[in-house]
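FYI, the numbering just counts along the sequence from 1.
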Amino acid sequence: MTAPTVPTVQTAPSLRSPRSAGSPGPAGSPGSTGSAGSPGPAGSPDSSRSSRSGDSRPGSPDLLRSVFRQHAAGVAVITARDGARPVGFTATSLNSVSADPPLLSFTIGTGASSWPGVRDSEYLGVHILGEHQRELAGLFARSGADRFGEATGWEPGPHGVPVLDGVLAWLACRVVARVPAGEHRVIIAEAVAGDPAGEGRPLLYHQGRFNALRD
């Protein structure tokens, strides 16, 4: 996906559902049980909501990026084949979607060098990186890097997907959907094989840097 000078990783924001229609509003709002226009007591949800509203910023790409810099995420590498050539990229947008069937999702920009391989492949590799793999995460996030050069240990796995050495866990997945989302695509894939038994602690991405998990 898109990668900055600080290695870019693909991230996808989670969206919260708005209040459902017909649910009670704050005191003084239509449908509330409080008296019209009466403020809530100090420290009540109403007063907190009013204070937070005064500190808020309008929605924008910069706001979204700033908020997600506060979100610590696990680090994955997605692999595929572009013809006979292996391709891959670092992603922090990996999510579990469903246990039955076993579905996951991640995002990728359509301008990414790996996009043609992801777009055309029926099967993909998904790898969970350990804290000992910061250099690998940076390599797969760096534009123009030789991601499958001599420094990268890998071998063909189920359905021919490139499987990286030394990861905490990996899956071979069958793509079931590619959903447009702005200049990105949300890839939904079903796990068909894998190995969860790697050793080590997970690598995290936070505030634009790769970090180790601290107890």
Excluding sequence neighbours, so at least two apart, what forms side-chain hydrogen bond (donor to acceptor under 3.5 Å, both in side chains) with N211?
none
Do the side chain of H159 and the main chain of Y123 share a donor and acceptor less than 3.5 angstrom apart?
no
Under 3.5 Å, side chain of R185 to main-chain N/O of A177, donor-acceptor pair present?
no
For L124 and S121, work out which heavy atoms get closest and say how close.
CD2-CB, 4.1 Å
Nearest-0.5 Å distance that lies between atom CZ in F106 and atom CG in N95
11.5 Å
Check for me, please, whether V186 and L104 land in the same ILVMFWY cluster - side-chain distances under 4.5 Å, paths through other members count.
no
One should read off an interatomic distance between H127 NE2 and T90 OG1, to the nearest 0.5 angstrom, of 11.5 Å
Determine the minimum heavy-atom distance between P158 and W170, stating which atoms define it.
CD-CH2, 3.7 Å
Is there a path of hydrophobic side-chain contacts, each under 4.5 Å between heavy atoms of I/L/V/M/F/W/Y residues, joining L94 to V97?
no
Among V126, I128, D195, L129, find the one that has a side chain to side chain contact (heavy atoms under 4.5 Å, CB included) with V167.
L129
Distance-only donor-acceptor pairs under 3.5 Å for side chains of residues 71-80, two or more places apart:
residue	atom	partner	partner atom	Å
T79	OG1	P162	O	2.6

Point-to-point distance, once rounded to the nearest 0.5 Å, from CG of L203 to CZ of R134:
6.5 Å
With side chains defined as the heavy atoms from C-beta onward, is the minimum distance between R69 and H206 less than 4.5 Å?
no
For D82 and P116, the nearest pair of non-hydrogen atoms, with its separation, is OD2-CB, 4.0 Å
Nearest heavy atoms of E131 and A212, plus distance in Å
OE1-CB, 3.2 Å
Between V175 and L171, is there shared hydrophobic-cluster membership here, with clusters defined by ILVMFWY side-chain heavy atoms closer than 4.5 Å?
yes
If you look at every heavy atom in F89 and S114, which pair is closest and at what distance?
CD2-CB, 3.8 Å
Selection residues 169-184 - residue pairs positive for salt bridge (charged side-chain N to carboxylate O under 4.0 Å, His left out), sequence neighbours left out
R174-E190
L103 with V192, same ILVMFWY side-chain cluster at under 4.5 Å:
no
Let me confirm one number: the CG-CG distance from D146 to L139, rounded to the nearest 0.5 Å.
7.5 Å
Working to the nearest 0.5 angstrom, can you tell me the gap between R142 CZ and R147 CZ?
9.0 Å
Is Q133 reaching over with its side chain to a backbone N or O of G130, donor-acceptor style, under 3.5 angstrom?
yes
If you compare all heavy atoms of S66 against all heavy atoms of R57, which two are closest, and at what distance to 0.1 Å?
OG-NH2, 4.2 Å
Can you hop from I108 to V87 via hydrophobic side chains spaced under 4.5 Å?
no
